[in-house]
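One structure coming up, written as structure tokens, with questions to follow.
Worth knowing before you read on, the calculation uses all heavy atoms, side chains too, and leaves out hydrogens, waters and symmetry mates. Throughout, protein chains are lettered first and strands after them, A, B, ... in sequence-line order, and every chain is numbered starting at 1.
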2 protein chains.
Amino acid sequence: MKAETNTAGAAQDDPACSARLPLAARNGPVSMLVSRVARLHRIAAGKLLKGLGLYPGQEFLMMHLWDTGPVRQSELIKAVDLDPSTVTKMLQRLEQAGHVRRRPDPEDRRAVLVESTETSCALLTEVQRSWGELEEQTLAGLTPDERVQLARLLTRVEANLCTETADCPEEARRAALR
Amino acid sequence: MKAETNTAGAAQDDPACSARLPLAARNGPVSMLVSRVARLHRIAAGKLLKGLGLYPGQEFLMMHLWDTGPVRQSELIKAVDLDPSTVTKMLQRLEQAGHVRRRPDPEDRRAVLVESTETSCALLTEVQRSWGELEEQTLAGLTPDERVQLARLLTRVEANLCTETADCPEEARRAALR
DNA sequence: GCGCATTTCTTGGCCGACCAAGTTAATCTC
DNA sequence: GAGATTAACTTGGTCGGCCAAGAAATGCGC
């Protein structure tokens, strides 16, 4: 304990190096970090997906469709938890791009049945690959242990944000108390 | 170093409980987590900021303006690392909302000087408070140690995504090798 | 049956974000 | 100094998101 006049004498109790951070964000260094990581991650995903003819965000819709087969649009909306209007427009574009087919539900004439087209099955493989690539790019240099740790912490954070948003997909309280 | 028969005999090598995850995303459980957390975090931030008359994303612009005072728009663009056109439109709206003032730079008649208005200084305080609230909401239930850990891991992830995006704000390699 | 609420989806508008192309001013080159 | 290049925005278009308001079909009460 010597020759370490400390970085800046005073309060060094913030999780991230809050140096060179906007003053207004000093109260939330991790939030700032989350925002930046979020943006970079979305950009990286977008870059990988662009080559496949998908726009960022459409992946999640397609993923659900691949998993479930034909679904009612209302189901899909609940699953991805987006605004109905958002899903409508995305589906219109995905349909025009040939990735998705829509037809009225004979059981309920207000509803719409959605399913992925056959040609989109090739996409499934590619998306899977891209998603793995993104994962590795994201976690490069982290030990398996650190990865587990990160996943654990992010799950807790997700639960926190979920409960407050009152939008918890049923796993909120489970993870919150872990 | 004993009694660690591994968490669960079989292929339990994925960081997050990949059960009940889209098949196409099995290769990237953490990426999925990042996406979800990102969205929830942005929603939470938006909710807090809406009461202040700000739209999600504008905060970062304002934060920089509050820190630096009058800046050239090009500087601002570099700082927040957004598309020039995005910044132009955001500033037009922020100006119309009275949060920002713009005037031509006498030194260089193509450039534009931007500064936060006096009335926006009230906002600074509120944003600071909101940002702190968001931080606590995000990290609720995490010990100081876990928070530091999370910040550390996120910083590494940021560096990873940064280097690959070739968009590193100069801190990439520093954090990548930590 | 009739009316009224509910569910399901669509449309229009707005904002953040991107790209591509254009305009104006400064700067570099010869 | 004239011409080409570069820098600093702006405009128009597109997409992912949201909200608000509408249209259409179903279901419920009576």
Side-chain angles (χ1 to χ4, degrees), chain A residues 35-36 38-47 49-50 52-62 71-97 99-100 102-114 165 167, chain B residues 35-36 38-62 71-97 99-100 102-114 165 167:
Chain A
S35 300
R36 289 206 302 261
R39 178 161 170 269
L40 292 171
H41 187 266
R42 188 180 181 84
I43 289 177
K47 218 168 248 184
L49 261 40
K50 165 150 36 173
L52 310 183
L54 282 182
Y55 290 92
Q58 300 184 334
E59 347 130 26
F60 304 111
L61 230 54
M62 293 306 299
V71 221
R72 284 160 81 119
Q73 191 166 319
S74 57
E75 275 298 319
L76 190 57
I77 289 171
K78 264 191 295 183
V80 297
D81 190 36
L82 286 178
D83 192 274
S85 62
T86 300
V87 174
T88 294
K89 290 168 190 169
M90 283 174 78
L91 285 178
Q92 290 172 345
R93 287 157 191 153
L94 282 171
E95 185 175 28
Q96 189 174 0
H99 296 137
V100 140
R102 308 166 74 203
R103 62 170 186 278
D105 184 347
E107 312 268 316
D108 186 339
R109 281 164 51 202
R110 333 164 257 186
V112 173
L113 287 182
V114 191
T165 317
D167 178 35
Chain B
S35 299
R36 289 206 302 261
R39 177 161 171 270
L40 291 171
H41 188 266
R42 189 180 181 84
I43 289 177
K47 217 167 247 182
L48 288 173
L49 261 41
K50 165 150 37 174
L52 310 183
L54 282 183
Y55 291 92
Q58 300 184 335
E59 346 130 28
F60 305 111
L61 230 55
M62 293 306 301
V71 222
R72 285 160 81 120
Q73 191 165 319
S74 57
E75 274 299 318
L76 189 57
I77 289 172
K78 264 191 296 182
V80 297
D81 190 36
L82 286 178
D83 192 274
S85 62
T86 301
V87 173
T88 293
K89 290 169 190 169
M90 283 175 77
L91 285 178
Q92 289 172 346
R93 286 157 191 154
L94 282 171
E95 185 174 29
Q96 188 174 1
H99 296 136
V100 139
R102 307 167 74 202
R103 63 169 186 277
D105 184 347
E107 312 269 316
D108 185 338
R109 281 163 52 202
R110 340 166 251 187
V112 173
L113 287 181
V114 191
T165 316
D167 178 36

| OP1, OP2 of D/dT10 versus side-chain N and O of B/Gln73: anything below 4.0 Å? |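 So the side chain of B/Gln73 is within the cut-off, an N or O lying under 4.0 Å from OP1 or OP2 of D/dT10.
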| query | Among residues 82-89 of chain B, which residues get a heavy atom nearer than 4.0 Å to DNA chain C? | reply |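 Heavy-atom cutoff 4.0 Å gives B/Leu82, B/Asp83, B/Ser85, B/Thr86, B/Lys89.
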| field | Nucleotide of D/dA8, C/dA17, D/dG17 approaching B/Ser74 most closely (side-chain heavy atoms) | value |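 Within the option list, the nearest is D/dA8.
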| request: Measure the spacing between CZ of B/Arg72 and NZ of B/Lys78 and express it to the nearest 0.5 Å. | output: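 Answer for the CZ-NZ pair, B/Arg72 versus B/Lys78, is 9.5 Å.
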| Under 4.0 Å between a side-chain N or O of A/Arg42 and OP1 or OP2 of C/dG16? |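 Negative; the distance criterion is not met.
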| Nearest-Å distance, CG (B/Asp105) to C1' (D/dA8)? |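 Atom-to-atom, B/Asp105 to D/dA8, this comes out as 11 Å.
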| Residue whose closest nucleotide on DNA chain C lies nearer the 5' end, A/Lys50 versus B/Tyr55 |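 The residue mapped nearer the 5' terminus is B/Tyr55.
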| said: Rounding to 10°, can you tell me the angle the first-five-pair axis of the helix from C/dG1-D/dC30 to C/dC30-D/dG1 makes with its last-five-pair axis? | reply: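 Its terminal axes enclose an angle near 0°.
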| said: Whole angstroms only, please: what is the CZ-P distance between B/Phe60 and C/dA17? | reply: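 B/Phe60 atom CZ is separated from C/dA17 atom P by 8 Å.
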| Contact summary for B/Leu52 and B/Leu48, nearest pair of heavy atoms |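 Taking every non-hydrogen atom into account, CG-O, 3.8 Å.
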| request: Work out which heavy atom in A/Glu59 is nearest to a heavy atom in A/Leu54; give both atom names and the distance. | output: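 Looking at all heavy atoms of both residues, the closest pair is CA-CD1, 4.5 Å.
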| Residue from A/Val87, A/Val100, A/Val114 passing side chain to side chain contact (heavy atoms under 4.5 Å, CB included) with A/Leu94 |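 Passing option: A/Val100.
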| field | Steps toward side chain to side chain contact (heavy atoms under 4.5 Å, CB included) verdict (B/Arg93, B/His99) | value | CA-CA 9 Å; B/Arg93 286 157 191 154; B/His99 296 136; over 6 Å; no
| message | Using a heavy-atom cut-off of 4.0 Å across all strands, would you classify A/Glu59 as base, sugar-phosphate, or nothing? | response |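 The residue A/Glu59 makes no contact with any strand.
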| task | To the nearest Å, give me how far apart CG (B/Leu91) and P (C/dG16) are. | result |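 Answer to the nearest Å: 10 Å.
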| said: For D/dG17 and B/Arg39 - does any side-chain N or O of the residue sit under 4.0 Å from the phosphate oxygens OP1/OP2? | reply: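 No.
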| task | Provide the closest heavy-atom pair for A/His41 versus B/Ser35 in the form atom of the first, atom of the second, distance. | result |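 Heavy atoms of A/His41 and B/Ser35 come nearest at CE1-OG, 3.7 Å.
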| message | What is the distance, to the nearest angstrom, from the CE atom on B/Met90 to the P atom on D/dT11? | response |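 Roughly 17 Å, once rounded to whole Å.
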| message | Looking at every non-hydrogen atom in both residues, tell me the closest pair between A/Ala38 and B/Ala38 and how far apart they are. | response |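 Shortest heavy-atom separation between A/Ala38 and B/Ala38 comes out as CB-CB, 3.3 Å.
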| message | Would B/Leu76 and B/Leu91 count as a side chain to side chain contact (heavy atoms under 4.5 Å, CB included) here? Give the steps. | response | CA-CA 11 Å; B/Leu76 189 57; B/Leu91 285 178; 4.2 Å; yes
| Distance (rounded to the nearest 0.5 Å) between A/Asp81 CG and B/Leu40 CG |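 Between atom CG of A/Asp81 and atom CG of B/Leu40 there are 8.0 Å.
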| Any idea which heavy atoms bring A/Pro84 and A/Ile77 closest together, and the distance? |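 Of all heavy-atom pairs spanning A/Pro84 and A/Ile77, the closest is CA-CD1, 3.6 Å.
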| request: Would you kindly compare B/Gln92 and B/Asp108 by the position of their nearest DNA chain D nucleotide and give the one closer to the 5′ end? | output: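 Upstream on the strand: B/Asp108.
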| said: Could you tell me how far apart A/Arg109 (CZ) and D/dA23 (C1') are, to the nearest whole angstrom? | reply: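 A/Arg109 atom CZ is separated from D/dA23 atom C1' by 14 Å.
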| query | For the pair made of CG in A/Leu40 and P in C/dC18, what is the distance, rounded to whole Å? | reply |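 Atom-to-atom, A/Leu40 to C/dC18, this comes out as 11 Å.
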| message | Rounded to whole Å, how long is the line connecting atom CG of A/Leu54 with atom P of C/dC18? | response |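 Nearest whole value for this atom pair: 19 Å.
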| Looking only at side-chain N and O atoms, does A/Gln58 come under 4.0 Å of OP1 or OP2 in D/dC15? |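 For D/dC15, neither OP1 nor OP2 has a side-chain N or O of A/Gln58 closer than 4.0 Å.
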| query | CD1 of A/Ile43 versus C1' of C/dC19: gap in Å, rounded? | reply |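 Rounded to whole Å, this separation is 13 Å.
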Give me, pair by pair, the N or O atoms of the protein and of nucleotides 3-7 of chain C that are less than 3.5 Å apart, along with how far apart they are.
{"from": "C/dT7", "atom 1": "O2", "to": "A/Arg110", "atom 2": "NH1", "distance (Å)": "2.3"}

| query | Hey, mind stepping through B/Gln73 and B/Asp105 against side chain to side chain contact (heavy atoms under 4.5 Å, CB included) and telling me if it holds? | reply | CA-CA 10 Å; B/Gln73 191 165 319; B/Asp105 184 347; over 6 Å; no
| Distance from B/Leu82 atom CG to A/Arg39 atom CZ, nearest 0.5 Å? |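 It is 5.0 Å, given to the nearest 0.5 Å.
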